[in-house]
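Heavy-atom basis, side chains included; hydrogens, waters and symmetry copies ignored. Whatever order the structure lists them in is the order used to number ligands and atoms, beginning at 1. Owing to the predicted nature of the structure, the values given are computational and were not obtained by experimental measurement.
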Amino acid sequence: MRKPVIAGNWKLFKTKNEALALIEELAPLVSGVSNVEIVVAPVFTVLPTLPAALAGTGISLAAQDVFWEEEGAFTGEVSPRMLLDAGASHVIIGHSERRQYFGETEETVNKKVKAALKGALVPIMCIGETLEAREAGDTFKVLERQLRGGLEGLTATQFAPVIIAYEPVWAIGTGKVASDDQAQEAHAFIRSVVTELFGKPAAEKVRILYGGSVKPENAKGLMSRPDIDGALVGGASLKGSSFASIVRYGE
Ligand SMILES: O=C[C@H](O)COP(=O)(O)O
């Protein structure tokens with residue numbers, strides 16, 4: 001049985017005080033939830049502010065990106081060791097916005113996943129096709145390329161902590177959620193590729209999250225599908241009430 005993960009990606013929103021206010025609203029609304037792992041991902045500058053506020057809430061802290069070197073002359077970058085130092089336990093890697101606007105490639109995603117694992121952070125590796133690729137019938141081809149590229153060189157043991165997030169680019173921030181069937185089909189395909197890469201036990205264990213316009217209204221339907229093990233939530237994670245409703249999708 002895979003424990004679901006509901007992660008909130010706050011993207012480029014929330015200053016320190018805004019983040020603290022959000023946690024103050026969210027924490028009581030999710031208190032007592034033990035059947036779901038809850039993660040929030042603020043901007044780098046807010047990370048060190050949150051561990052004290054999150055203590056005892058059961059909510060984990062993620063960064064939205066990481067660099068692959070430990071230290072050195074790499075202006076503007078943040079290493080796994082520094083994220084741990086700031087209180088993060090997870091890190092989002094390869095989000096489509098980073099692929100689209102910041103030149104993230106399969107190769108850089110792969111370096112970051114390896115560095116995160118080496119640094120004892122849980123990578124949440126994002127993959128997903130564009131509308132163009134879907135309309136051209138290339139969805140599976142793109143997903144397979146991103147999976148094989150991002151996970152290249154890992155053993156099954158090294159892969160074990162990795163969480164995968166399937167986020168169709170056309171569903172992100174657009175209000176156009178993938179249908180339960182479309183999401184399930186992609187998730188089942190992703191699990192089949194993981195089986196090829198790392199074997200059946202690894203594929204049965206890996207959590208595959210869906211992301212793209214997840215809201216309280218559609219979370220339950222998506223989560224009821226056999227290969228959907230959680231959600232990576234953008235817009236709806238910015239309000240405590242809507243994020244808590246998604247966390248409590250099963251109630
Ligand atoms: O990382 C989260 C995704 O990009 C989804 O964003 P969204 O829920 O605002 O569509």
Practice task
Check whether any heavy atom of Ala236 sits under 4.0 Å from an atom of ligand 1.
Solution key: no

Problem - Numbered atoms of ligand 1 (with element) below 4.0 Å of Gly212, judged on heavy atoms - result: 5 (C), 10 (O)

Exercise for the section: First locate atom CE of Met82, then atom CZ of Phe67, and finally report the distance between them rounded to the nearest 0.5 Å. Expected result: 11.0 Å

Problem - N or O pair under 3.5 Å between Thr174 and ligand 1 - result: no

Problem - Closest approach of any protein heavy atom to atom 2 (C) of ligand 1, naming residue and atom - result: Glu167 OE2, 3.1 Å

Problem - Under the side-chain contact (heavy atoms from CB on, under 4.5 Å) test, residues paired with Ala133 that sit two or more places apart - result: Glu129, Thr130, Asp138, Val142

Exercise for the section: Below 4.0 angstrom from a heavy atom of Ala171, which ligand 1 atoms are there? Numbered from 1 as shown, please. Expected result: 10 (O)

Handout entry: Between CD on residue Glu251 and CZ on residue Arg248, distance to nearest 0.5 Å
Key = 4.5 Å

Problem - Partner of Asp229 by side-chain hydrogen bond (donor to acceptor under 3.5 Å, both in side chains), out of Arg207, Arg2, Lys3 - result: Arg2

Handout entry: ligand 1 contacted by Ala7 (non-hydrogen, < 4.0 Å)
Key = no

Exercise for the section: Tell me which protein heavy atom sits closest to atom 6 (O) of ligand 1, plus the residue, atom name and distance to 0.1 Å. Expected result: Lys11 NZ, 3.3 Å

Problem - Whether Lys215 lies under 4.0 Å from ligand 1, heavy atom - result: no

Handout entry: For Gly173, the ligand 1 atoms whose distance to one of its heavy atoms is below 4.0 Å
Key = 7 (P), 9 (O), 10 (O)

Handout entry: Residues Glu152, Arg148; criterion salt bridge (Lys or Arg N to Asp or Glu O under 4.0 Å); working and verdict
Key = CA-CA 6 Å; Glu152 196 191 310; Arg148 288 187 182 276; over 6 Å; no

Fill in the blank from the handout: For residues 10-28, the salt bridge (Lys or Arg N to Asp or Glu O under 4.0 Å) pairs (sequence neighbours left out) are Lys11-Glu97

Handout entry: Heavy-atom nearest neighbour in the protein, as seen from atom 8 (O) of ligand 1, with distance rounded to 0.1 Å
Key = Gly234 N, 2.9 Å

Completion exercise
So for Ile172 against ligand 1, with non-hydrogen atoms under 4.0 Å, the contacting part is both

Practice task
Please work out which of the three classes, parallel, tilted or perpendicular, describes the rings of Phe198 and Phe159, given edges at 30° and 60°.
Solution key: parallel

Practice task
Check whether any side-chain heavy atom of Asp227 sits under 4.5 Å from a side-chain heavy atom of Ile208, and report yes or no.
Solution key: no

Problem - Nearest neighbour in protein (non-hydrogen) for atom 9 (O) of ligand 1 - result: Gly235 N, 2.8 Å

